[in-house]
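Note that these values count all heavy atoms, side chains included, but never hydrogens, waters or copies made by symmetry. A note on names: the letters A, B, ... follow the listed sequences, proteins ahead of strands, and every chain is numbered from 1.
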Number of protein chains: 2
Amino acid sequence: MDTQFRKGVLEPCVLALLRRRPRYGYELVQEIRKSLDITEGTVYPLLRRLKDEGYVETFLKESSEGPTRKYYTLTPRGKERLASLLGAWDVFSRSVDALLKEARR
Amino acid sequence: MDTQFRKGVLEPCVLALLRRRPRYGYELVQEIRKSLDITEGTVYPLLRRLKDEGYVETFLKESSEGPTRKYYTLTPRGKERLASLLGAWDVFSRSVDALLKEARR
DNA sequence: CCAACTACTTTGCTATGCATGGTAGTATTT
DNA sequence: AAATACTACCATGCATAGCAAAGTAGTTGG
């Protein structure tokens with residue numbers, strides 16, 4: 001229902017989750033799904049884009065519980081990108097909150 | 001730059017501004033522009049859509065300072081829509097904040 | 001061996017915001 | 001009176017990102 005709200009926030013969310021440690025695609029999907037209602041068909045293409053743009057790098061690692069996993073890590077560029085997106089989200093969400101406050105009184 | 005963030009939030013913003021009193025399109029553009037960097041080419045089509053969907057109604061009123069203005073008012077349906085979108089935005093923005101918190105530590 | 005789960009990928013659709021350009025009335029300046 | 005700026009509205013076509021749907025394939029447990 002709030003599909004449109006999601007536009008653009010997935011990128012900072014994914015980058016944020018990669019900040020602490022490498023994660024594989026499927027793991028990212030599960031993790032984000034705890035908060036936002038998204039699907040694999042959204043995340044995998046996004047990861048591809050992030051790689052094409054040099055924000056993340058990948059390596060393969062076999063799993064003891066299933067198929068080989070493709071792990072994603074942040075590049076320096078990716079860290080900058082994350083910082084910039086975090087700032088942008090803050091400014092943006094505060095602005096929206098301020099505008100909507102108008103209606104709550 | 002945060003074009004994508006904007007997707008979907010303009011609708012609650014416009015409805016919120018209409019809650020207190022009728023406003024005309026150009027006025028809405030100026031008002032929202034104080035907070036968000038948007039253009040007329042975004043707002044007017046949105047207003048058309050809101051009218052088509054029965055969330056707002058319009059009336060014309062001459063201005064002493066320029067061309068005739070088209071004022072927009074909330075319908076009962078529009079008020080319900082606003083309430084629903086306000087709730088959705090709250091849930092959504094809190095979820096995103098929680099996810100992003102991961103990266104700030 | 002079959003079901004369930006893990007894990008990744010692709011294709012085509014849709015919605016929304018935006019750039020751009022257009023029309024026209026009013027006010028201000030020269 | 002002409003030129004300029006501002007108010008006010010509208011329409012067209014594009015770009016982007018999320019999503020549904022479907023597919024491939026390895027692993028594990030009964």
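Distance A:R33 CZ to C:dC5 C1': 13 Å, rounded to the nearest Å. Summarising the geometry, the separation between CZ on B:R69 and P on C:dG25 is reported as 16 Å, rounded to the nearest angstrom. Distance CG (A:L28) to P (C:dA7): 12 Å, rounded to an integer number of Å. In this structure, B:E62 atom CD and D:dT7 atom P are separated by 19 Å, rounded to whole Å. Atoms CG (B:L60) and C1' (D:dA8) sit 12 Å apart, rounded to a whole Å. Taking atom OH of residue A:Y44 and atom P of nucleotide C:dT6, one finds them 11 Å apart after rounding to whole Å. Rounded to an integer number of Å, the gap from OH of A:Y24 to P of C:dT6 is 9 Å. Spacing between atom CG of B:L47 and atom C1' of D:dA11 amounts to 14 Å, rounded to whole angstrom units.
A sub-4.0 Å separation between OP1 or OP2 of C:dT10 and a side-chain N or O of A:R48 is present. In this structure, B:Y26 does not reach the D:dC9 phosphate: none of its side-chain N or O atoms is under 4.0 Å from OP1 or OP2.
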When you look at A:F92 and B:R6, which way does the side-chain contact (heavy atoms from CB on, under 4.5 Å) test go after all the steps? CA-CA 8 Å; A:F92 174 78; B:R6 265 169 237 138; 3.9 Å; yes

For A:T68 and A:K61, run side chain to side chain donor-acceptor pair (under 3.5 Å): C-alpha distance rounded to whole Å, both residues' side-chain angles, the deciding distance at 0.1 Å, then the answer. CA-CA 6 Å; A:T68 300; A:K61 194 178 174 188; over 6 Å; no

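B:S84 places no side-chain N or O within 3.5 Å of a backbone atom of B:E80 that could act as its donor or acceptor partner. A distance-only check finds a donor-acceptor pair linking the side chain of B:E27 to the backbone of B:Y24 [under 3.5 Å]. Using a distance-only test at 3.5 Å, with no hydrogens or angles considered, a donor-acceptor pair links the side chain of A:R33 to the main chain of A:I38.
With respect to B:R81 and B:E11, a salt bridge is recorded, a charged nitrogen being found less than 4.0 Å from a carboxylate O.
With a 6.0 Å radius and a threshold of 12 heavy atoms from other residues, nucleotides or ligands, A:R77 has its CZ atom above the threshold.
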Protein-to-nucleotide contact annotation, 5' to 3' order, nucleotides 15-22 of chain C [B base; S sugar-phosphate only; - none; under 4.0 Å, heavy atom]: SBSBB---

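Judged by distance alone, the side chains of A:D2 and B:W89 never bring a donor and an acceptor atom under 3.5 Å apart.
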With the criterion being N/O to N/O and under 3.5 Å, what pairs connect the protein with nucleotides 25-30 of chain D, and how long is each?
from: D:dT28; atom 1: OP1; to: A:S64; atom 2: O; distance (Å): 2.5

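B:L86 places none of its side-chain heavy atoms less than 4.5 Å from the side chain of B:D90.
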